Asker: 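If you scroll down you'll find the structure; I have some questions about it.
Just so you know, residue 1 is the first one in the sequence shown, and it goes up from there. For the numbers below, each heavy atom of this structure counts, side chains included, while hydrogens, waters and symmetry mates do not. Here the structure is a predicted model, which means the values were calculated and not measured. In each ligand, atom 1 is the first atom listed, and ligand 1 is the first ligand listed.
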Amino acid sequence: MDIVVLLGAPGSGKGTIAAKLAAADPKLKHVSSGDLLRGAVAAGTEAGLQAKGYMESGNLVPNELIATMIKDVIASAEGDVTMLLDGFPRNVAQAEVLEKTGAPIRSVVLVDVPDEVIADRIAGRRTCPKCKAGYHVKALPPKVEGICDACGAELVIRKDDNPETVKDRLVVYHRETEPLVEFYEAKGLLKRIDGNQGPEKNAAAFKAAM
Ligand code: AMP
């Protein structure tokens with residue numbers, strides 16, 4: 001097994017890219033730290049209870065909390081799979097945790113989208129609470145408005161997708177996560193793609209780069 005890290009701001013489309021590629025190739029496994037955490041919150045686990053407040057305010061949850069979950073997922077990976085790691089690492093300390101697992105990182109792909117575009121993207125974002133599929137009212141609408149194509153559940157707006165929290169999440173991204181661009185560039189692992197080409201072309205560009 002090996003790992004491809006998706007780097008990018010909230011709303012850059014990395015989750016959509018990872019889900020699309022994983023749906024088309026059984027060897028690619030999409031692992032979203034945000035989905036793991038939202039699952040823990042929904043299940044009311046101890047980790048979920050701890051994470052909830054941080055997530056709702058747009059802050060990062062404590063490193064140990066998410067690192068434990070990601071280490072478990074990596075340890076349980078079997079066979080010839082490539083993990084598309086979406087949302088982890090989010091800071092240098094987490095990148096060091098990932099390194100220490102010994103799992104080989106094939107590449108780190110930065111999905112580049114200007115901040116001005118992000119607010120619009122997130123304003124139209126809709127999410128399936130059941131199967132986690134992501135949609136956008138204009139760029140990637142479901143076949144029936146408000147209903148998930150994949151599982152038929154009613155789509156929701158994520159609590160942390162309101163404009164105020166999005167601003168805070170972008171600040172956190174630039175302060176905590178963006179330093180990873182240099183961190184991985186120095187290791188010769190970084191690739192970049194233009195994340196503003198629409199869902200199909202973004203996914204194709206990512207696949208070519210990874
Ligand atoms: P995401 O779905 O990736 O946008 O993540 C949603 C929220 O979950 C973030 O705003 C953070 O509060 C939390 N989160 C996700 N991944 C991490 C991580 N690697 N480290 C800390 N917090 C995280």
Asker: Please determine whether the number of non-hydrogen atoms from other residues, nucleotides or ligands lying under 6.0 Å from atom CZ of Phe183 exceeds 12.
Answerer: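 Yes - once you tally the heavy atoms of other residues, nucleotides and ligands closer than 6.0 Å, there are more than 12.
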
Asker: Which heavy atom of the protein is the closest neighbour of atom 8 (O) of ligand 1, given with residue, atom name and distance?
Answerer: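 For this ligand atom, the closest protein heavy atom is Met55 CE, 3.5 Å.
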
Asker: Atom OG1 in Thr127, atom NE2 in His136: separation rounded to 0.5 Å?
Answerer: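 Output value for this atom pair is 11.0 Å.
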
Asker: Any chance the side chains of Asp168 and Asn59 put a donor and an acceptor closer than 3.5 Å?
Answerer: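 Short answer, no.
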
Asker: What protein heavy atom sits nearest atom 22 (N) of ligand 1, and how far away is it?
Answerer: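 Residue, atom and distance for the closest contact: Val61 N, 3.0 Å.
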
Asker: Measure the shortest side-chain to side-chain distance between Asp120 and Lys138 over non-hydrogen atoms and say whether it is less than 4.5 angstrom.
Answerer: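 No; the side chains remain at least 4.5 Å from each other.
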
Asker: List ligand 1 atoms under 4.0 Å from Gln94, heavy atoms only on the residue side.
Answerer: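 Here the atoms of ligand 1 in question are 18 (C), 19 (N), 20 (N), 21 (C).
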
Asker: Among all protein heavy atoms, pick the one closest to atom 13 (C) of ligand 1 and tell me residue, atom and distance.
Answerer: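 In this structure, atom 13 (C) of ligand 1 has Leu37 CD1, 3.6 Å as its nearest protein heavy atom.
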
Asker: Distance to 0.1 Å, residue and atom name: give those for the protein heavy atom nearest to atom 12 (O) of ligand 1.
Answerer: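 Of the protein heavy atoms, Asn59 O, 2.5 Å lies nearest.
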
Asker: Examine the side chains of Thr165 and Asp160 and answer whether a donor and an acceptor come within less than 3.5 Å of each other.
Answerer: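 No, Asp160 and Thr165 have no side-chain donor paired with an acceptor closer than 3.5 Å.
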
Asker: Using a strict 4.0 Å threshold on nitrogen-to-oxygen distance, state whether Lys191 and Glu185 make a salt bridge.
Answerer: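 Salt bridge between Lys191 and Glu185, a charged N being under 4.0 Å from a carboxylate O: no.
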
Asker: Check each heavy atom of Ile66 against ligand 1 and say whether those closer than 4.0 Å belong to the side chain, the backbone, both or neither.
Answerer: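 Only the side chain of Ile66 comes within reach of ligand 1.
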
Asker: Report the nearest protein non-hydrogen atom to atom 16 (N) of ligand 1: residue, atom name, distance rounded to 0.1 Å.
Answerer: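 Checked against all protein heavy atoms, atom 16 (N) of ligand 1 sits closest to Ser33 OG, 2.7 Å.
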
Asker: Measure the distance from atom 1 (P) of ligand 1 to every protein heavy atom, then report the residue, atom name and distance (to 0.1 Å) of the closest one.
Answerer: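 In this structure, atom 1 (P) of ligand 1 has Arg90 NH2, 3.5 Å as its nearest protein heavy atom.
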
Asker: Which is closest to atom 4 (O) of ligand 1 by heavy-atom distance: Lys159, Glu56, Lys52, Arg158?
Answerer: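 Looking at heavy atoms only, the winner is Arg158.
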
Asker: Which of the numbered atoms in ligand 1 are below 4.0 angstrom from a heavy atom of Arg38?
Answerer: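 Checking each atom against Arg38, I get 2 (O), 6 (C).
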
Asker: Do NZ/NE/NH1/NH2 and the carboxylate oxygens of Asp25 and Lys27 come within less than 4.0 Å?
Answerer: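 No, no charged N to carboxylate O under 4.0 Å.
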
Asker: Are the charged groups of Glu178 and Arg90 less than 4.0 angstrom apart, N to O?
Answerer: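 Salt bridge: no.
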
Asker: Do any N/O atoms on Ser32 end up under 3.5 angstrom from N/O atoms on ligand 1?
Answerer: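 No: no nitrogen or oxygen of Ser32 is under 3.5 Å from one in ligand 1.
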
